[in-house]
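Below, chain A is the first sequence line, B the second, and so on; all start at residue 1. Hydrogens, waters and symmetry mates are skipped; everything else that's a heavy atom, side chains included, is used. Here the structure is a predicted model, which is why all the values come from computation and not from measurement.
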Amino acid sequence: MLRTHTCGELGMEHVGQEVTLCGWVDTLRDHGGAVFVDLRDRYGKTQVVAAPEAGPQLVDSVSRLRNEYVVRVTGTVAPRPEGTVNSKLATGEIELRAQQLEVLNTCVPPPFTPSQQEVPGEDLRLRYRYLDLRRPEMQRTMLLRGRIVKVMRDYCAEHGFIDVETPMLGRSTPEGARDYLVPSRVQRGKFYALPQSPQLYKQILMVAGYDRYVQVARCFRDEDLRADRQPEFTQLDLEMAFVTAEDVIAMIDGLVARLAREILGLEVPLPLPRITYDEAMRRFGHDAPDRRFALEIVDCTDLAAACEFRVFQSAAHRGDFVRGLRVPRTAARFSRKRIDELTEYVKQDFAAQGLVWFRVTDEGQLESSVAKNFTAEMLAQIAQRMAAEPGDLLLFVADTWEVTCKALHGLRKRLGAELKLYDPQQMHFSWVVEFPMFEFDKEEQRWDAMHHPFTSPRPQDLTLLDSDPGQCRAQAYDLVINGYEAGGGTIRIHDSRTQQKVFDLLGIDPQMARERFGFLLDALQYGAPPHGGIALGIDRIVMLFARLDNIRDCIAFPKTQRAMDMMTEAPGEVDDRQLQELGLTIKKPEP
RNA sequence: GGGGCCGUAGCUCAAUUGGUUAGAGUACUGGACUGUCGAUCCAGUGGUUGCGGGUUCGAGUCCCGUCGGCCUCGCCA
């Protein structure tokens with residue numbers, strides 16, 4: 001080792017020792033006679049002093065150091081003179097009296113330094129990611145990520161899970177997200193697909209009898225990015241045989257509690273709270289509600305049907321819904337302009353027709369530009385239904401079920417943050433269960449799998465497969481943290497007859513099924529045990545545990561919104577020779 | 001594919017609602033300084049205002065296009 005200690009560990013107990021440190025020059029303070037260097041590595045910072053006693057040559061060479069030079073310093077640990085102790089530094093009681101300096105490497109003037117206070121623009125940070133990753137915030141997140149993954153691995157190992165790797169070069173299966181494709185050289189014109197998840201492999205491992213499987217698995221989806229979505233991301237993927245949904249949920253409950261305890265020092269009471277999908281949509285308008293605050297949706301469709309206000313009445317009469325939020329004690333803070341902004345928001349982002357609002361007066365009356373369209377009695381009924389109190393603001397959307405869900409969820413999220421209805425440090429873990437098996441695709445006029453086509457219906461809903469697929473509920477469960485889907489899983493279908501039925505419903509005919517999932521159907525015939533599992537989004541969990549609002553900050557080398565790596569400039573063009581070998585020609589877009 | 005925000009010195013930002021020579025802090029370069037820790041003091045270098053067009057007597061500022069970053073709808077079983 002080129003060093004005897006790190007820059008974060010020296011203290012009073014080391015005084016008098018001769019030590020050698022290696023690190024980067026974080027800051028340089030040159031006083032002419034004495035020069036101070038803060039030497040930084042990932043463990044911390046230590047002040048190095050080149051004092052006149054060490055000789056003019058050493059002082060001179062230390063003063064010629066520059067930001068981010070990599071150096072090796074040998075010297076004696078000394079207590080700092082009285083009054084110069086730096087309490088902001090873990091090593092602030094001591095300093096290293098330099099005797100020897102070796103410049104291990106120089107550094108050209110960097111576009112930004114880890115020591116500067118302003119965080120540079122994200123494009124610059126991504127381009128010079130190696131500098132960005134030197135920043136203490138980034139190092140803290142990366143370390144946290146490592147600890148989280150270790151807890152996950154330890155927990156799974158302790159519970160008998162076997163870590164098995166599955167292929168990255170697989171075959172494209174239809175539905176789901178768009179695949180990233182890899183052309184085959186040996187079989188011209190054919191393609192591998194990078195896995196969207198190891199779903200089918202892990203089911204086949206269950207058939208193989210590896211009854212508890214786990215993998216920290218990289219997954220790829222070629223879809224548009226978001227703050228919480230990257231084209232490649234990491235899942236804690238696991239699967240268990242001879243289990244019910246309860247068993248999987250209980251297993252993850254234990255993991256969540258352990259993560260909360262070991263990473264956040266938080267005791268989370270188990271079992272984690274659960275609500276059904278239907279309840280989530282009713283109360284929160286979303287299948288991954290942020291339950292750190294209330295602001296729940298209230299249905300007023302029945303009142304609307306009986307009222308004189310045409311917007312409400314006609315919505316109710318055509319089978320749509322009138323639902324609203326009671327925003328407590330905010331009427332005074334919401335000008336017409338601000339309400340108009342919210343109206344614009346629900347129109348623009350969720351295609352809602354509009355927003356109907358009421359302010360609750362000190363006397364408990366509802367006032368609004370549309371209030372004249374209601375009888376006093378109806379207003380009172382609405383106020384009562386909404387549990388309105390003086391000073392509240394009531395917001396209503398009259399639209400299809402889907403639009404009311406989306407718009408009110410959007411409003412709820414936005415108002416929750418803007419009005420600071422929750423402590424951003426707070427963590428809320430919960431489950432959403434009993435998802436529908438299918439959703440109806442109106443454009444294609446057919447049923448789609450809500451989760452994936454291997455999801456098992458609840459046993460009591462099996463008959464609904466034939467009679468009323470829309471009512472059929474799946475043995476599916478999503479882990480929700482602070483309004484984010486942090487993981488999701490299902491009990492799978494383990495008999496080929498049920499599987500066939502589901503394929504039929506989804507319009508996957510036997511031949512198609514054969515071509516695409518033949519290997520799985522085969523496997524299911526060779527003694528497949530009942531099985532199920534879950535995949536947790538590691539990047540998102542790190543993001544939430546680190547209290548960040550963006551997934552890129554939890555990934556060492558993330559991609560931009562256009563799926564570019566700004567450091568390597570991937571994706572890049574390839575040689576004609578490479579294309580030729582693959583039998584590919586590129587159709588250039590017309591200018 | 002749609003909507004929105006942003007792009008000015010290496011970096012972070014400012015620039016009178018279109019007006020003269022585009023500024024500040026920091027970084028960088030040189031100098032001074034023996035106790036600093038966001039060191040301080042003095043001096044200096046540094047600009048195609050992302051790019052292209054347009055409107056105007058005059059554009060960093062307004063308009064159109066384009067490139068890039070971010071947020072978002074669609075999309076993401």
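The same atom, P, is picked in rG58(B) and in rU21(B); the two are 14 Å apart, to the nearest Å. Separating the C1' atom of rA32(B) from that of rC70(B) is a span of 45 Å, rounded to the nearest Å. Between the P atoms of rU66(B) and rG4(B), the separation comes to 14 Å (whole Å). Annotation: rG18(B) and rC62(B) have their P atoms spaced 7 Å apart (nearest Å). Nucleotides rG68(B) and rC57(B) are separated by 35 Å at their P atoms, to the nearest Å. Taking atom P in both rU49(B) and rA39(B), the straight-line distance is 33 Å, to the nearest Å. Atom P of rU61(B) sits at a distance of 14 Å from the matching atom of rA15(B), rounded to the whole Å. Rounded to the nearest Å, the gap between the P atom of rA22(B) and that of rG50(B) is 15 Å.
Following rounding to the nearest Å, E341(A) (CD) and rC71(B) (P) show an atom-to-atom distance of 21 Å. The nearest whole Å value for the distance from the NZ atom in K45(A) to the P atom in rC37(B) is 13 Å. For R127(A) and rG68(B), the CZ to P distance is 15 Å, given to the nearest whole Å. Atom CD of E82(A) is separated from atom P of rC37(B) by 18 Å (rounded to the nearest Å). Computed from coordinates, the H31(A) NE2 to rU40(B) P distance equals 9 Å when rounded to whole Å. Distance D30(A) CG to rC42(B) P: 17 Å, rounded to the nearest Å. Counting to the nearest Å, the C1' atom of rC71(B) and the NZ atom of K413(A) are 11 Å from each other. Straight-line distance from the CG atom of L124(A) to the P atom of rC11(B): 6 Å, rounded to whole Å.
Between the E515(A) side chain and the M512(A) main chain, no donor and acceptor come within less than 3.5 Å of each other.
Residue side chain R229(A) reaches the base of rC75(B) through a donor-acceptor N/O pair under 3.5 Å, judged by distance alone. Counting atom types as modelled, R80(A) pairs a side-chain N or O with a base atom of rC37(B) as donor and acceptor under 3.5 Å. Counting distance only, with no hydrogens placed and no angle test, the side-chain atoms of N86(A) and the base atoms of rC37(B) include a donor-acceptor pair under 3.5 Å. Side-chain atoms of Q47(A) come within donor-acceptor range of the base of rU36(B), with a qualifying N/O pair under 3.5 Å.
Between the side chains of Q475(A) and T490(A), no donor-acceptor pair is found at a separation under 3.5 Å. The closest side-chain donor-acceptor pair between Q215(A) and T166(A) falls under 3.5 angstrom.
Residue F36(A) is the one, among A227(A) and F36(A), whose nearest nucleotide of RNA chain B lies closer to the 5' end (criterion: closest heavy atom). Summary of the strand contacts: E439(A) and K406(A) both lie near RNA chain B, and taking for each the nucleotide with the nearest heavy atom, the more 5' one is attributed to K406(A).
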Exercise for the section: Walk me through it: do L58(A) and Q99(A) pass the test side-chain contact (heavy atoms from CB on, under 4.5 Å)? Expected result: CA-CA 7 Å; L58(A) 185 84; Q99(A) 284 147 10; 5.7 Å; no

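In this structure, T106(A) and R66(A) have side chains that are not in contact, with every pair of non-hydrogen atoms separated by 4.5 Å or more. Between Q47(A) and V37(A), the closest side-chain pair of non-hydrogen atoms is not below 4.5 Å.
Residue contacts for Q116(A): at a heavy-atom cut-off of 4.0 Å it reaches the sugar-phosphate backbone alone, with no base atom in range. Contacts of V35(A) with the nucleic acid, taken as non-hydrogen atoms under 4.0 Å apart, are absent. As judged by a 4.0 angstrom heavy-atom cut-off over every strand, T84(A) is placed among the base-contacting residues. Within the nucleic acid shown, R97(A) comes within 4.0 Å of at least one base atom, counting heavy atoms only.
Remark: rU40(B) base-pairs with rA32(B). Criterion, Watson-Crick or G-U wobble with two distances under 3.5 Å. Using the Watson-Crick or G-U wobble rule with both distances under 3.5 Å, rA59(B) pairs with nothing in any strand shown. Across all strands shown, rG46(B) has no partner, as no Watson-Crick or G-U wobble contact with both distances under 3.5 Å is found. rU21(B) is unpaired under the Watson-Crick or G-U wobble criterion, no partner having all donor-acceptor distances under 3.5 Å.
In the region residues 61-69 of chain A, proximity to RNA chain B at under 4.0 angstrom, judged on heavy atoms, holds for R66(A), N67(A).
Within 6.0 Å of NZ on K559(A) lie more than 12 heavy atoms contributed by other residues, nucleotides or ligands. Atom CD of Q511(A) is surrounded by 12 or fewer heavy atoms from other residues, nucleotides or ligands within 6.0 Å.
Stacking of the aromatic ring of F112(A) onto the base of rC11(B) is not found under the criterion of centres within 5.5 Å and planes under 30°.
A search for ring-ring contact (aromatic ring centres under 6.0 Å, His included) contacts involving F321(A) returns W401(A), not counting sequence neighbours.
The list of ring pair (Phe, Tyr, Trp, His ring centres under 6.0 Å) pairs with a residue in residues 28-57 of chain A, not counting sequence neighbours, reads H31(A)-F36(A).
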